[in-house]
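Here the structure comes first, spelled out in structure tokens, and everything after it is commentary.
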There are 2 protein chains.
Amino acid sequence: MARYQVGIRTETKIIEATRQLLAEGGLDAATLKAICDRAGVQAGSFYNIFPSKEQAIMQVARDAIQVVDPDPEHAGTDTLDDLVDAYIRFVIDQSDLARIYLQLAVSGSSDDSVARRFLRHHVRRVERFAAAMLRADGALADDEATTKAEVLLGALDGLAFRWVLDRTFDFAKHARIAASHYG
Amino acid sequence: MARYQVGIRTETKIIEATRQLLAEGGLDAATLKAICDRAGVQAGSFYNIFPSKEQAIMQVARDAIQVVDPDPEHAGTDTLDDLVDAYIRFVIDQSDLARIYLQLAVSGSSDDSVARRFLRHHVRRVERFAAAMLRADGALADDEATTKAEVLLGALDGLAFRWVLDRTFDFAKHARIAASHYG
DNA sequence: CGACTTTTTGAGTATACACTCCATTTTGGA
DNA sequence: TCCAAAATGGAGTGTATACTCAAAAAGTCG
């Protein structure tokens, strides 16, 4: 039998509640009770849809990472500045999600699928950065570009981490300085 | 008033047990029961020495960082290379604790005292990096040195994070490149 | 020894958590 | 309208957690 509409609506409410709680207070805030309370649902309904709390959180993480994926539409035409600006905008606009990424990636002990997903995303971004560097400097070797891209993205990630811990930190300024060493 | 020797030995046993458990299984493995079992001590003894489990964990983290500090006396004689090498050594030698370090910093959501503590530590490190830069280049302005130090440490932090997610990543190589670019 | 202080014990408390069970209600197709 | 499958309510279970407390033991020193 196909699923009933009301069940699908409940699933949506649970996912949305989970997403909000993760953004507001991190992994610790997303308890089963908190999720059910915010979704306006009882525990029994939750487990009628999800086999475990972890599965719901994984689904939120999957969806969020999907949204953040580099836009394939602009592939091959971005400059390094474009990419850095996009990164800065993402970190500032989606700072709550950035913290969840860090938490999930670093605390993923039982299930490291999130860490792997995060890594794939990172590698893809390194490739785009390296490609932009190669377009700007034809004399650059492939592996040199990849190494430079790793260092630059490391700096951006580290500065973003710094900013998550202290919102008074001027992330955009430092990020642009980090990028300027390759201009 | 002075502490008895047996109490100091107990503290050592607890710290050592905590250190082992953190290294073996991360934050989740270091429960109070696990720590006390391994130390051969009862919960009451633990709380006779430490005000909370968190304090014991923080002390382990502090000690680990202290071990690789190139200039614990803050004498102001370390070079930037010394500091970068110390950072690299910490991340590689104490990789398990480096992961804990990230976990602690990023998981301080409800109780931000941990995040603040790590931020203070970070700021102090930035000051030492900036001071080393100033000693190497007298023409550098104070705020310029601080900004450069923030960018370099951001890169080191980001690359360390990258390495925690993927142990095949050549952290030392990229860290040294970052130091040569941003130093 | 004897007085005093520190340390240890270990059962006990309070609480939070993910998850279950199943009677009841709702849904949507035939 | 009927009815089987799907969804729900909500009390209840089991477990793990950090932490407490008062009495007993052991260390320290004159």
Side-chain angles (χ1 to χ4, degrees), chain A residues 1-22 24-61 103-104 107-111 114, chain B residues 1-22 24-61 100 103-104 107-114 117:
Chain A
M1 259 294 179
R3 291 190 53 188
Y4 290 178
Q5 288 301 314
V6 64
I8 294 172
R9 255 181 287 131
T10 297
E11 178 175 341
T12 304
K13 282 191 295 182
I14 289 173
I15 287 295
E16 177 60 19
T18 305
R19 198 193 60 75
Q20 286 176 16
L21 287 164
L22 285 175
E24 289 169 14
L27 271 185
D28 292 345
T31 66
L32 193 73
K33 179 171 167 25
I35 292 170
C36 291
D37 283 355
R38 179 157 313 194
V41 150
Q42 299 296 326
S45 295
F46 183 100
Y47 284 98
N48 183 49
I49 293 172
F50 295 98
S52 71
K53 192 189 82 166
E54 193 187 334
Q55 286 303 309
I57 289 178
M58 288 299 175
Q59 182 168 327
V60 170
Q103 278 193 6
L104 285 174
S107 72
S109 48
S110 58
D111 185 5
V114 175
Chain B
M1 282 304 181
R3 292 190 54 186
Y4 289 3
Q5 288 303 313
V6 63
I8 294 172
R9 255 181 288 133
T10 298
E11 178 173 342
T12 304
K13 282 192 295 181
I14 290 172
I15 287 296
E16 177 59 20
T18 305
R19 198 192 60 74
Q20 287 177 15
L21 287 163
L22 285 176
E24 289 169 15
L27 269 185
D28 293 345
T31 66
L32 193 73
K33 179 171 167 24
I35 292 171
C36 292
D37 283 356
R38 181 161 308 196
V41 150
Q42 298 297 326
S45 294
F46 183 100
Y47 283 98
N48 183 49
I49 293 173
F50 295 99
S52 72
K53 192 189 81 167
E54 187 190 324
Q55 288 301 311
I57 290 177
M58 293 300 290
Q59 182 169 328
V60 169
I100 302 301
Q103 277 189 11
L104 285 173
S107 70
S109 50
S110 55
D111 182 9
D112 61 349
S113 75
V114 178
R117 193 181 285 268

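Here is how names work: the chains are called A, B, and so on, in the same order as the sequence lines, proteins then strands, and each is numbered from 1. Values in this document were obtained by computation on a predicted structure and should not be read as measured data.
Residue A:Arg9 contributes atom CZ, which lies 11 Å from atom P of D:dA7 at whole-angstrom precision. C:dT9 atom C1' lies 13 Å from atom CD1 of B:Ile14, rounded to whole Å. Look at NZ on A:Lys33: it is 10 Å from P on C:dA16, rounded to the nearest Å. One atom, CD of B:Gln42, and another, P of D:dC19, lie 17 Å apart when rounded to the nearest Å. The distance between atom CD of A:Glu54 and atom P of C:dC17, rounded to the nearest whole Å, is 17 Å. B:Phe50 has its CZ atom 15 Å from the P atom of D:dT20, to the nearest Å. A straight line from CZ of B:Phe46 to P of C:dG10 spans 18 Å, rounded to a whole angstrom. If you take CG of A:Asn48 and P of D:dG10, they are 16 Å apart, rounded to a whole angstrom.
The two residues B:Leu22 and B:Ile100 come nearest to each other via the heavy atoms O-CD1, 3.8 Å. Closest heavy-atom contact between B:Cys36 and B:Ala43: SG-CA, 3.9 Å.
When distances are taken from the side chain of A:Thr31 to each of D:dC19, C:dC17, C:dT8, the shortest belongs to C:dC17. Listed nucleotides C:dT27, C:dC17, C:dT8 differ in distance to A:Tyr4; the shortest reach to its side chain belongs to C:dT27. Of the candidates C:dG10, D:dC19, C:dA18, the closest approach to any side-chain atom of A:Lys53 belongs to C:dA18. Of the listed nucleotides (D:dG9, C:dT9, D:dT8), D:dT8 has the atom at the smallest distance from the side chain of A:Val6.
The CG atom of A:Leu21 sits 11.5 Å away from atom CG of A:Leu27, with the distance rounded to the nearest 0.5 Å.
Side-chain contact check for B:Thr10 versus B:Tyr4: every heavy-atom pair is 4.5 Å or farther apart.
Toward the 5′ end of DNA chain D lies the nearest nucleotide of A:Ile8, the other residue of the pair B:Ser45 and A:Ile8 mapping further downstream. A residue-by-residue look at B:Ile49 and A:Leu32 shows that B:Ile49 has its nearest nucleotide of DNA chain C further toward the 5' end.
Counting any heavy atom pair closer than 4.0 Å across all strands shown, A:Gly7 reaches sugar-phosphate atoms only and no base atom.
Contact between the side-chain N/O atoms of A:Tyr47 and the OP1/OP2 oxygens of C:dT20 is not found at any separation under 4.0 Å. A sub-4.0 Å separation between OP1 or OP2 of D:dA7 and a side-chain N or O of A:Arg3 is present. A sub-4.0 Å separation between OP1 or OP2 of C:dT8 and a side-chain N or O of B:Thr10 is present.
Side-chain polar atoms of B:Glu16 and B:Gln20 form a donor-acceptor pair below 3.5 angstrom.
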